[in-house]
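Comments concern the structure below.
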2 protein chains.
Amino acid sequence: MTSQQELLDTLAQVARALGNGHRLALLERLAQGDASVETLANTTDLTVGNASQHLQHLRRAGLVTAQRSGKQVIYRLTDERIVNLLGLLRQVAETNLAEMERLVSRLFAEDDADGVLEAVSRDELLAGLVSGEVALLDVRPAEEYEAGHLPEAINIPLEQLEDMLGKLPLDREIVAYCRGPYCVLSHEAVQRLRQLGYRVRRFEEGYPEWKAAGLPIE
Amino acid sequence: MTSQQELLDTLAQVARALGNGHRLALLERLAQGDASVETLANTTDLTVGNASQHLQHLRRAGLVTAQRSGKQVIYRLTDERIVNLLGLLRQVAETNLAEMERLVSRLFAEDDADGVLEAVSRDELLAGLVSGEVALLDVRPAEEYEAGHLPEAINIPLEQLEDMLGKLPLDREIVAYCRGPYCVLSHEAVQRLRQLGYRVRRFEEGYPEWKAAGLPIE
DNA sequence: CCATCATTCTATCAATTCATTGAATGATGG
DNA sequence: CCATCATTCAATGAATTGATAGAATGATGG
């Protein structure tokens, strides 16, 4: 066994840690912010024991670290670049696997026929923020908003959307964002707000990608 | 099973395709240029049948495509970004797994004590090329050089290094490169040329990374 | 159309992975 | 120190993966 092969095997071990849907879900949750095993188990629909086991796996691959805090063990991503890694994996998969396209279009099934709901790219969003023509709306649960959010974003969790319309500006276009490209919260929010007559589009990425790109957060 | 979960499972399937040392070796070879099953099997020390099986796996994950050319089947990477994906995987692994550091340092074991052999970064190399202060040396086999190489690079395969010293300029620093960060060819070349008194360092990446970054090739 | 070569397919076995269950560990509050 | 809660460990069985060997397919040159 050459060093070369051992090196590739070690890399393969890291890739294998990414090779399970539940573990990817755990990583995506951790990209929103650190969390305890129980929190992680709840948000990913795993039993605590099972979640713990997957977290150990991710830890052996160097993707997460654990830190005891009182009774709980808090997990976190070891490296901001893991978000980039997942993003690149997603891009490659979307471009080259027909299956992915099918699933993505089904996820956003109720999409618009006119193309008016086209998502806002990162560059476009940055331009809109700089010029002050855009207001940001964070539709994630308050807990995730508080763990970190885009600058000057207003938080209205999706469930309370209709109750808190007063917080939305009427003089600017609204851009809604949530957890990432596959998160349906902002998509749903855009649908509902458009029906109410708001000028609103959705950000094509989410909070973790924004943060991993080194852009400012609050 | 929600769409969300199916999406992550599909992503996981792609990651799993990366989760095997032999398949990573195949991808690294393909990053140098397209190749037939037999060529791939030879350069990765696999039996043809086994290589074919792994290539099918990569194909199902959308990472490679196959095209018949006469008697042979030629495989190629579906996407230039796969090189970036592998690079990012490598970076994350190197930063967060102690095991990786150990293996990398062993791979380049005969390294210098003085730090004079410090590798040249991409930006540094670009600056050197623009100012004309640097000459490029490609130490890969002629076949790989011909499939594509950095602009104005001289090709001297490592085995013929001492026979073709005449092709090397004496008035500029030489930067040697080969297949990628874990390829030892350029490292070995630098060792030997330094002993002969040449002013030479090694490029910290390789041909595939250069190409994937969209930089010019010949 | 036959012989040959490159590749893929099929079947098999050993090894690994994953979910589940229940026991063990470790920290906290009384 | 004991009871409780959060997490991890250990054992089991089902499913998947990987290597090997040999048969089957598909293209080419005579």
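Everything numeric here is computed off the predicted structure, so don't read it as measured data. Residue numbering restarts at 1 for every chain, and letters A, B, ... go by the order of the sequence lines.
The side chain of B/Gln53 approaches D/dA19 more closely than any other nucleotide in the set C/dT8, D/dT8, D/dA19. The side chain of A/Lys71 lies closest to D/dC5, out of C/dA6, D/dC5, C/dT8.
If B/Ser36 and A/Arg16 are placed on DNA chain C by their nearest nucleotide, the residue sitting closer to the 5' end is B/Ser36. Where A/Gly70 and A/Arg23 meet DNA chain C, the nucleotide closest to each residue was compared, and A/Arg23 sits on the side nearer the 5' end.
Ionic pairing of B/Glu205 and B/Arg122 is present here: one or more N-O contacts between side-chain nitrogen and carboxylate oxygen are shorter than 4.0 angstrom. Salt bridge present: A/Arg201 and A/Glu124 bring a charged side-chain N and a carboxylate O closer than 4.0 Å.
Distance B/Glu38 CD to C/dA6 P: 5 Å, rounded to the nearest Å. The CD atom of B/Gln67 sits 16 Å away from the C1' atom of C/dA6 (whole-angstrom rounding). As rounded to whole Å, 6 Å separates atom P of D/dG18 from atom NE2 of B/His57. Following rounding to the nearest Å, A/Leu46 (CG) and D/dA6 (P) show an atom-to-atom distance of 17 Å. Protein atom CG of A/Asn50 is 8 Å distant from nucleotide atom C1' of C/dT20, rounded to whole Å. Remark: C1' of D/dT8 and CD of A/Gln72 are 15 Å apart, rounded to the nearest angstrom.
Remark: C/dA23 base-pairs with D/dT8. Criterion, Watson-Crick or G-U wobble with two distances under 3.5 Å. Remark: D/dT16 base-pairs with C/dA15; criterion is Watson-Crick or G-U wobble with both hydrogen-bond distances under 3.5 Å. Across all strands shown, the partner of C/dG29 is D/dC2, judged by Watson-Crick or G-U wobble contacts whose two distances both fall under 3.5 Å.
For B/Tyr75 and C/dA6, the shortest distance from a side-chain N or O to OP1 or OP2 is not below 4.0 Å. Taking side-chain N and O atoms only, B/Asn20 has no distance below 4.0 Å to OP1 or OP2 of D/dT17. Not one side-chain nitrogen or oxygen of B/His54 sits closer than 4.0 Å to the OP1 or OP2 atom of D/dT17. Note on B/Arg68: every side-chain N or O is 4.0 Å or more away from OP1 and OP2 of D/dA27. Dashed line: the shortest gap from a side-chain N or O of B/Ser52 to OP1 or OP2 of C/dT7 is not under 4.0 Å. Taking side-chain N and O atoms only, A/Gln56 has a distance below 4.0 Å to OP1 or OP2 of D/dT8.
B/Glu162 CD: more than 12 foreign heavy atoms inside a 6.0 Å radius.
Here B/Gln13 contributes atom CD and A/Asn20 contributes atom CG; the two are 12.5 Å apart, rounded to the nearest 0.5 Å.
Counting heavy atoms from C-beta on, the side chains of A/Trp210 and A/Leu126 come closer than 4.5 Å.
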